[in-house]
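A short worksheet on the structure shown next.
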Amino acid sequence: GTGDLARAMAKRAGRHGSVVLADINDQMLRVGRDRCIDAGELNGLSWCQCDAETLPFPDASFDRVTIGFGLRNVTEKENALREMYRILKPQGRALVLEFSKPLSAPLEQLYDLYSFNVLPTLGQWVANDKDSYQYLAESIRKHPDQDTLKQMMEHAGFSKTLVQNLTGGIVAIHSG
């Protein structure tokens, strides 16, 4: 992705840790690399263009694996979750930060109104790109809800799975 989470993780990993910023899209990786360079935060960071469904890393090679607002764009989410599990060390932890399903019906209605009407209109007005913002709303709607994603993680092998809802469930952190 764009490196925001990776930069924060590299700071936390410190001088002796390392963080791999990965994305299937070369342009996203370039944005991420450029942001790291601009911020002067290159220590412990490396980049890898790869597909989340077939990660090019050895088994049990990472302490943590994260994906932020990207799992909904993966075609076969189950494959990506299995790959995340495969590359984790035995006591490793995966974190999935993603848009999710609002917890209350009124919030869900308001969020849908915003997502399908306001957001694409703003996208057209600000970026002259209504279609990308329409896709964003549709991809969020199609993404598994909290319970379904938790079950998918467990099916991929994860244990001790937890869901932390943020902003009324609009965003959730899944861990396992």
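Values in this document were obtained by computation on a predicted structure and should not be read as measured data. Count residues from 1 along the sequence.
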Looking only at non-hydrogen atoms, find the nearest pair between Ala52 and Val74 and report the distance. CB-CG2, 4.2 Å
Partners meeting salt bridge (charged side-chain N to carboxylate O under 4.0 Å, His left out) with Asp51 (sequence neighbours left out): none
Nearest non-hydrogen partners of Asn165 and Gly169, listed with the distance: OD1-CA, 3.7 Å
Check: Arg35 and Arg7 side chains under 4.5 Å, non-hydrogen atoms: yes
Do Glu154 and Lys150 sit within salt-bridge range, that is, some charged N less than 4.0 Å from a carboxylate O? yes
Do Asp23 and Gln49 have side-chain heavy atoms sitting under 4.5 Å apart? no
Is Asn25 reaching over with its side chain to a backbone N or O of Met28, donor-acceptor style, under 3.5 angstrom? yes
Presence of salt bridge, Arg93 and Asp63, under 4.0 angstrom: no
How far does CH2 of Trp47 sit from CG of Leu45, to the nearest 0.5 angstrom? 5.0 Å
For Arg86, all residues meeting salt bridge (charged side-chain N to carboxylate O under 4.0 Å, His left out), sequence neighbours excluded: Asp59, Glu83
Output, in order, the C-alpha distance, side-chain angles, deciding distance and verdict of side-chain contact (heavy atoms from CB on, under 4.5 Å) for Lys101 and Glu108. CA-CA 7 Å; Lys101 183 174 173 46; Glu108 184 173 16; 2.7 Å; yes
Sole candidate of Arg82, Lys77, Glu76 that passes side chain to side chain donor-acceptor pair (under 3.5 Å) when paired with Asn79: Arg82
Could you tell me the separation between the CG atom of Leu29 and the SG atom of Cys48, rounded to the nearest 0.5 Å? 8.0 Å
Asp129 and Tyr135 side chains, donor-acceptor separation under 3.5 Å: no
Hydrogens and angles aside, do Gln124 and Asn128 bring a side-chain donor and acceptor to less than 3.5 Å of each other? yes
Applying side-chain contact (heavy atoms from CB on, under 4.5 Å), run through Thr148 and Met152 and close with a yes or a no. CA-CA 6 Å; Thr148 303; Met152 290 169 69; 4.1 Å; yes
Enclosure of Asn43 CG (heavy-atom neighbours >12, cutoff 6.0 Å): no
Given the rule that I, L, V, M, F, W and Y join up when any side-chain heavy atoms are under 4.5 Å apart, are Phe99 and Leu119 in one cluster? yes
Does the pair Ile140 and Arg72 meet the rule for a side-chain contact (heavy atoms from CB on, under 4.5 Å), with working shown? CA-CA 7 Å; Ile140 292 168; Arg72 75 179 184 287; 3.9 Å; yes
Could you tell me whether Arg30 and Asp26 have a side-chain N and a carboxylate O separated by less than 4.0 Å? yes
Atom CZ of residue position Phe69 - does it have more than 12 heavy atoms of other residues, nucleotides or ligands inside 6.0 Å? yes
So, Ser61 side chain and Pro58 main chain: donor-acceptor pair closer than 3.5 Å or not? yes
What's the verdict on side-chain contact (heavy atoms from CB on, under 4.5 Å) for Leu71 and Leu81, showing C-alpha distance, side-chain angles and the deciding distance? CA-CA 9 Å; Leu71 187 61; Leu81 292 169; 4.3 Å; yes
Calculate, to the nearest 0.5 Å, the distance between atoms CD1 and CZ belonging to Ile87 and Phe57 respectively. 6.0 Å
For the CG atom of Leu95 and the CD atom of Gln164, what is their distance to the nearest 0.5 Å? 10.0 Å
Donor-acceptor under 3.5 Å (Glu98 side chain, Gly70 main chain): yes
Nearest 0.5 Å, please: how far is CG in Leu166 from OG in Ser100? 10.0 Å
Between the side chain of His174 and the main-chain N/O of Gln146, is any donor-acceptor distance below 3.5 Å? yes
Please answer: with hydrophobic residues joined when any side-chain heavy atoms are less than 4.5 Å apart, are Leu21 and Val31 in the same cluster? no
Cluster link Val19 to Val65, ILVMFWY, side chain under 4.5 Å: no
How long is the straight-line distance from CZ of Phe116 back to OG1 of Thr121, given to the nearest 0.5 Å? 13.0 Å
Between Val96 and Val163, is there a shared hydrophobic cluster once you connect ILVMFWY residues whose side-chain heavy atoms come closer than 4.5 Å? no
Correct closest heavy-atom pair for Cys50 and Leu55 would be SG-CD2, 3.9 Å
Counting only heavy atoms not in Tyr111, do more than 12 fall under 6.0 Å of its OH? yes
Same cluster or not: Ile173 versus Ile170, using hydrophobic residues (I, L, V, M, F, W, Y) connected whenever any side-chain heavy atoms lie under 4.5 Å apart? yes
Determine the minimum heavy-atom distance between Ser115 and Pro120, stating which atoms define it. O-CD, 3.1 Å
Would you say the side chain of Met84 lies within less than 4.5 Å of the side chain of Phe158, judging by non-hydrogen atoms? yes
